[in-house]
Amino acid sequence: MAEHHIENCIRRLRFDADEMTQAELARRSGVTRQTIVAIEKAKYAPSLELAFQIANVFGMPLEQVFTFTGGNENE
């Protein structure tokens, strides 16, 4: 079975957004700061709804914030 992974550039986006804190991103996304920490460290894959919410906070399309990596299971 191929290993899949969701990568993100949230930390860089926070820095570019006037050094937004994890707490501020969490507040604006409707989750806890601990959730943002886990997502940034790729320890937790956000729900599709949360991924869209985070992308919306940065005013970016989902695919510019999150990237899905991994092979096709049928290969």
Side-chain angles (χ1 to χ4, degrees):
M1 181 187 242
E3 186 171 325
H4 301 289
H5 186 72
I6 297 176
E7 298 176 353
N8 68 77
C9 58
I10 294 173
R11 186 171 184 188
R12 181 183 54 79
L13 290 171
R14 286 191 307 102
F15 181 80
D16 293 346
D18 206 24
E19 299 186 23
M20 179 188 299
T21 65
Q22 290 170 330
E24 177 63 14
L25 177 56
R27 185 189 67 74
R28 293 175 65 180
S29 300
V31 296
T32 65
R33 185 188 65 79
Q34 289 83 359
T35 299
I36 298 299
V37 170
I39 293 169
E40 278 189 16
K41 292 181 176 182
K43 301 285 184 191
Y44 172 74
S47 68
L48 186 56
E49 181 179 355
L50 178 54
F52 273 109
Q53 187 67 23
I54 291 169
N56 187 54
V57 168
F58 294 113
M60 303 185 89
L62 182 69
E63 59 273 5
Q64 288 186 347
V65 180
F66 295 93
T67 306
F68 178 76
T69 61
N72 184 341
E73 288 186 16
N74 296 323
E75 291 180 343

Could you tabulate the donor-acceptor pairs under 3.5 Å formed by side-chain atoms of residues 25-33, not counting sequence neighbours?
{"residue": "R27", "atom": "NE", "partner": "E24", "partner atom": "OE1", "Å": "3.2"}
{"residue": "R27", "atom": "NH2", "partner": "E24", "partner atom": "OE2", "Å": "2.8"}
{"residue": "S29", "atom": "OG", "partner": "L25", "partner atom": "O", "Å": "2.8"}
{"residue": "T32", "atom": "OG1", "partner": "T35", "partner atom": "N", "Å": "3.2"}
{"residue": "T32", "atom": "OG1", "partner": "T35", "partner atom": "OG1", "Å": "3.0"}

Say whether, by atom type as modelled, one donor and one acceptor occur between the side chain of T69 and the main chain of H5 under 3.5 angstrom.
yes
Taken to the nearest 0.5 Å, the spacing of R11 CZ from M20 CE works out to 15.0 Å
Exercise. Does a side-chain heavy-atom distance below 4.5 Å link Q22 with E40?
Worked result: yes
* To do: Output yes when a side-chain donor or acceptor of N8 lies under 3.5 Å from a complementary backbone atom of I39, and no otherwise.
  => yes
Residue set satisfying side chain to side chain donor-acceptor pair (under 3.5 Å) with R12, at least two apart, ordered chain then number -> D16
May I have the list of side-chain donor-acceptor pairs in residues 42-62 shorter than 3.5 Å, sequence neighbours left out?
{"residue": "S47", "atom": "OG", "partner": "L50", "partner atom": "N", "Å": "3.0"}

